[in-house]
Student: 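Structure incoming, see below.
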Amino acid sequence: MSGEKSLNFIEEIVEEDIKEGKYANIVTRFPPEPNGYLHIGHAKAICLNFGLTREYPGYTNLRFDDTNPVTEETEYVDSIKADIKWLGFEWKNEHYTSDYFEQLYEFAVRLIRKGLAYVDDSTPEEIAEGKGTPTTPGAASPYRERSVEENLSLFKEMREGKYKDGEKVLRAKIDLTDANMQMRDPLMYRIKHAHHHRTGDEWCIYPMYDFAHGQSDSIENITHSICTLEFVPHRPLYDWFIDKLEIFPSHQYEFARLNLSYTVMSKRKLLQLVNEKIVSGWDDPRMPTISAFRRRGYTPESIRNFCDRVGVQKRENLIDLSLLEFFIREDMNKKALRRMAVLDPVKLVITNYPEGKTEEMETENNPEDPAAGRRTIPFSRELWIEREDFMEDPPKKFFRLGPGRAVRLKSAYIIQCIGFKKDDKGNIAEIHAEYLPQSRSGHDSSGMKVKGTIHWLSIPHAKKAEVRLYDRLFKVEDPANAEGDFKEHINPDSLQIIPNAFIEPSLANSEPDEHFQFIRKGYFYLDKDSTTNNLVFNRTVTLKDTWAKEKNKE
RNA sequence: UGCCCGGUGGUGUAACGGUAGCACAACAGAUUUUGGUUCUGUUUGCCCAAGUUCGAAUCUUGGCCGGGCAACCA
């Protein structure tokens with residue numbers, strides 16, 4: 001295989017189907033339930049489904065699987081559409097399973113007529129008991145042998161609202177002894193006197209997912225119906241419905257869902273984090289949702305590249321968070337404008353620099369992209385530098401400031417530390433240094449070489465901003481499968497707010513959608529909480545930090 | 001204990017009977033006015049056992065291990 005891209009197993013199937021002439025065009029669909037926000041796991045499914053119809057002739061539908069009115073809301077419909085578009089994909093048709101309710105009802109009637117479905121008055125407990133266990137066969141319900149006529153009229157009455165929630169259900173009549181639990185007379189319809197986000201109060205019976213999903217695929221002529229592994233045992237049931245109903249044979253293929261380390265991926269758990277206010281909302285930048293990644297400063301490209309790289313397979317997986325971080329760093333390195341910001345300031349006084357003097361220092365916006373241009377930054381006698389860039393008693397490998405040590409101020413002068421002051425509590429309050437006038441950036445005739453370069457801001461010129469630093473939401477790699485409740489593993493330091501960070505003047509006019517690198521600190525993105533008077537920056541991701549590793553070795 | 005799915009370096013993912021490769025991570029070095037970027041190099045792997053074959057990660061059989069299935073959820 002010389003340089004050819006290797007295909008995943010679904011692409012292989014599609015390619016084979018097209019080659020054999022089974023289909024001239026393929027149709028796929030992305031079928032979210034509007035009961036939560038989309039997460040990075042959905043992104044994988046989106047890239048797969050929409051990606052397939054980019055590579056091969058055909059199209060992809062968006063279908064909202066809205067068969068459970070109790071949990072579904074229009075807010076979720078809107079967020080899902082926005083997220084798919086943001087990721088860069090377009091659907092051909094927008095459908096809702098609820099659009100097929102009448103058709104599905106008719107399908108159910110058809111099965112009753114064939115003697116393949118019956119109304120059951122049993123309680124949920126009785127039905128559960130009647131299903132048996134994986135190792136013991138189930139037993140028939142006493143209502144299993146009702147006549148077609150009786151079933152027809154009872155089902156009609158169910159629809160008409162004659163019964164209360166839970167009083168009756170419609171079940172498929174298959175085989176209570178099947179080794180596959182899904183085939184033991186599964187429920188097709190249940191009664192729910194609930195308001196539906198689209199059909200309102202028109203219906204009081206709703207189809208189960210298992211009776212809606214496959215048929216909806218069939219109605220839309222979906223050729224390759226792609227879903228996750230947990231539905232593998234359901235496939236024989238879908239095939240059974242298709243066979244008995246004699247409708248378009250859509251085929252289901254299953255892949256392993258994406259798991260990401262240090263987070264959770266189930267909508268139920270994410271909803272808990274939102275409802276219990278552990279995070280500020282579905283788009284809290286610590287969440288693994290698409291809207292959270294967007295807010296945090298991730299780009300569609302980075303997420304698509306990530307999804308490409310993780311591949312499509314049937315084995316369980318737990319992807320390293322560092323892989324996702326690699327892709328956003330890769331993208332940001334090309335795009336982000338470099339800026340100076342001091343997050344934890346300490347004052348530096350250049351004692352031999354004239355008081356009141358200001359110089360404009362020129363510097364590049366992005367060393368990786370000359371087209372990004374250059375800008376100037378004001379320099380003066382008193383500067384903010386990062387507290388961690390000074391050590392009173394530094395080790396040999398510390399290439400920053402310490403008594404007697406010299407560093408380059410990025411795009412400005414080389415300075416040498418000549419002393420420092422402490423406050424009452426023993427904290428460093430002020431650092432004193434002298435600069436080398438001949439060492440000005442771009443005009444350096446000092447002949448001096450220094451090992452380190454640090455960032456800085458002129459105190460009289462610096463502006464303030466709020467900066468939010470995020471870390472992984474959980475302390476353990478796989479919180480969902482860790483000992484105890486997943487919430488016990490929340491990382492208490494996942495959010496650090498710096499209300500008064502300093503930023504360079506040019507940053508004061510930041511526009512939304514601009515990505516920045518705060519030099520030596522990481523990539524940052526303007527948060528939606530920003531106002532003209534109070535800019536808020538989210539840290540998208542840190543830079544790789546080999547010094548941090550070096551420090552940890554001790 | 002029934003049925004189904006799956007096991008390739010630390011994590012992902014290739015190989016389609018013919019030299020186990022790629023990415024991330026890790027480690028070492030070079031370059032660097034970001035301890036970033038870039039570049040170079042290194043470590044680490046076919047779940048086990050039999051069989052078929054000149055040759056097996058790949059095919060067969062048996063084991064072992066992991067996951068899923070018994071919601072009026074999807």
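Everything numeric in this text was worked out from a predicted model, so none of it was measured.
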Student: Just checking, any donor-acceptor pair under 3.5 angstrom between side chains of N317(A) and R257(A)?
Tutor: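 Side chains of N317(A) and R257(A): no pair found under 3.5 Å.
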Student: Will you find, in the side chains of T263(A) and R472(A), an N or O donor that is under 3.5 Å from an N or O acceptor?
Tutor: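 Distance-only check fails for T263(A) and R472(A).
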Student: Please give the distance between the P atoms of C48(B) and C64(B) as a whole number of Å.
Tutor: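 These two P atoms come out 15 Å apart once rounded.
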Student: Distance between the C1' atoms of A56(B) and A15(B), in whole angstroms?
Tutor: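 Each nucleotide's C1' atom is 12 Å from the other's.
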Student: Toward the 5' end of RNA chain B, which comes first, V312(A) or T135(A), by nearest nucleotide?
Tutor: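 In this pair, the answer is T135(A).
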Student: Starting at CD of E11(A) and ending at P of U13(B), how long is that distance when rounded to a whole Å?
Tutor: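 One finds 14 Å between P of U13(B) and CD of E11(A), rounded.
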Student: In Watson-Crick or G-U wobble terms, both distances under 3.5 Å, what is the partner of C64(B)?
Tutor: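 Pair assignment: C64(B) / G7(B).
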Student: Round to a whole Å and report the spacing from CE of M188(A) to C1' of C73(B).
Tutor: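 It works out to 18 Å between those atoms.
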Student: Distance check, P atoms only: G55(B) and U19(B), in whole angstrom units.
Tutor: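 Taking atom P in both G55(B) and U19(B), they lie 15 Å apart.
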Student: Go through F379(A) and Y413(A) one step at a time and tell me if the ring-ring contact (aromatic ring centres under 6.0 Å, His included) criterion holds.
Tutor: CA-CA 10 Å; F379(A) 182 87; Y413(A) 299 98; 5.4 Å; yes
Student: Taking OH from Y206(A) and C1' from A74(B), how many angstroms apart are they, rounded to a whole number?
Tutor: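 Going from OH in Y206(A) over to C1' in A74(B) covers 16 Å.
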Student: In whole angstrom, give me the gap between the P atoms of A20(B) and U43(B).
Tutor: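 A20(B) and U43(B) have their P atoms separated by 15 Å.
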Student: Would you check if the side chain of S261(A) reaches a backbone N or O of E477(A) as a donor-acceptor pair within less than 3.5 Å?
Tutor: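 Absent.
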Student: Check whether F516(A) forms a cation-pi arrangement with R339(A) (NZ or CZ under 6.0 Å from the six-membered ring centre, at most 45° off the ring normal).
Tutor: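 Negative - R339(A) is either too far from the ring of F516(A) or too far off its axis.
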Student: When both hydrogen-bonding distances must be under 3.5 Å and the geometry is Watson-Crick or G-U wobble, what is C22(B) paired with, if anything?
Tutor: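 Its partner is G12(B).
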Student: Mapping K314(A) and L318(A) to their closest nucleotides on RNA chain B, which lands nearer the 5' end?
Tutor: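 First, find each residue's nearest nucleotide; the 5'-ward one identifies K314(A).
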Student: Calculate the interatomic distance between Q313(A) atom CD and C46(B) atom C1'; express it in whole Å.
Tutor: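 After rounding, the reported distance stands at 15 Å.
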Student: Watson-Crick or G-U wobble partner for G2(B), using a 3.5 Å limit on both distances?
Tutor: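 Its partner is C69(B).
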Student: Which base, if any, makes a Watson-Crick or G-U wobble pair with G17(B), both distances under 3.5 Å?
Tutor: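 WC or wobble partner does not exist here.
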Student: Figure out the CZ/C1' separation between F9(A) and U13(B), and round it to whole Å.
Tutor: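 For the pair F9(A) CZ and U13(B) C1', the rounded distance is 14 Å.
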Student: Does OP1 or OP2 of A14(B) have a side-chain N or O of R315(A) closer than 4.0 Å?
Tutor: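 Checking R315(A) against A14(B): at least one side-chain N or O falls below 4.0 Å of OP1 or OP2.
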Student: What does the B/S/- profile of nucleotides 23-41 of chain B look like, 5' to 3', with a 4.0 Å heavy-atom cutoff to protein?
Tutor: SSSSSS----BBBBS----
Student: Does G29(B) have a Watson-Crick or wobble partner in any strand here, with both distances under 3.5 angstrom, and which is it?
Tutor: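 Partner of G29(B): C39(B).
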Student: Categorize E325(A) for me: base, sugar-phosphate, or nothing, with a 4.0 angstrom heavy-atom threshold over every strand shown.
Tutor: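 E325(A): no heavy atom of the nucleic acid under 4.0 Å.
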Student: Taking H193(A) for its side chain and G161(A) for its backbone only, find out whether a donor-acceptor pair lies under 3.5 Å.
Tutor: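 Pair absent, no side-chain N/O of H193(A) close to backbone of G161(A).
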Student: Has S98(A) got a side-chain atom pairing as donor or acceptor with D66(A)'s backbone, closer than 3.5 angstrom?
Tutor: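 No, S98(A) side chain to D66(A) backbone: no donor-acceptor pair under 3.5 Å.
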Student: Do the side chains of E301(A) and K335(A) get close enough for a salt bridge, i.e. N-O under 4.0 angstrom?
Tutor: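 Salt bridge present between E301(A) and K335(A).
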Student: Expressed as a whole number of Å, how far does the C1' atom of G41(B) sit from that of U31(B)?
Tutor: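 The answer is 15 Å between these two C1' atoms.
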Student: When the C1' atoms of A57(B) and C47(B) are compared, how many Å lie between them, rounded to an integer?
Tutor: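 Rounded to whole Å, the distance is 12 Å.
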Student: Figure out the CD/C1' separation between Q252(A) and A74(B), and round it to whole Å.
Tutor: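 It is 12 Å, rounded to the nearest whole Å.
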Student: For C24(B) versus U60(B), give the span between their P atoms, rounded off to a whole number of Å.
Tutor: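 Comparing P positions in C24(B) and U60(B) gives a spacing of 35 Å.
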Student: Does a side-chain N or O from T67(A) land closer than 4.0 Å to OP1 or OP2 of A74(B), or not?
Tutor: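 It does, given that an N or O in the side chain of T67(A) lies less than 4.0 Å from OP1 or OP2 of A74(B).
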Student: Between K521(A) and E388(A), does any NZ, NE, NH1 or NH2 come within less than 4.0 Å of an OD or OE carboxylate oxygen?
Tutor: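 Counted as a salt bridge, because a side-chain N and a carboxylate O are separated by less than 4.0 Å.
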Student: What integer number of Å spans the C1' atoms of G66(B) and C27(B)?
Tutor: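 Going atom to atom, C1' in each nucleotide, I get 31 Å.
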Student: Between K410(A) and E364(A), is there a side-chain N and carboxylate O pair less than 4.0 Å apart?
Tutor: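 Yes.
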Student: Less than 3.5 Å between a donor and an acceptor, one on the side chain of E12(A) and one on the base of C16(B), is that the case here?
Tutor: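 Answer yes: a donor N or O sits under 3.5 Å from an acceptor.
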Student: Sugar-phosphate atoms are those with a prime plus P, OP1 and OP2; base atoms are the rest. Using that split, label each nucleotide of nucleotides 65-72 of chain B B, S or - for protein heavy atoms under 4.0 Å, 5' to 3'.
Tutor: --S-SBSB
Student: Send over the distance from F30(A) CZ to A74(B) P, rounded to a whole Å.
Tutor: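 Interatomic distance, CZ of F30(A) to P of A74(B): 16 Å.
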Student: Looking at every heavy atom in both R171(A) and S141(A), which two are closest together, and how far apart are they?
Tutor: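 Residues R171(A) and S141(A), closest heavy atoms: NH1-CB, 4.1 Å.
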Student: Whole-Å distance between C73(B) P and F211(A) CZ?
Tutor: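 Distance, rounded to whole Å: 16 Å.
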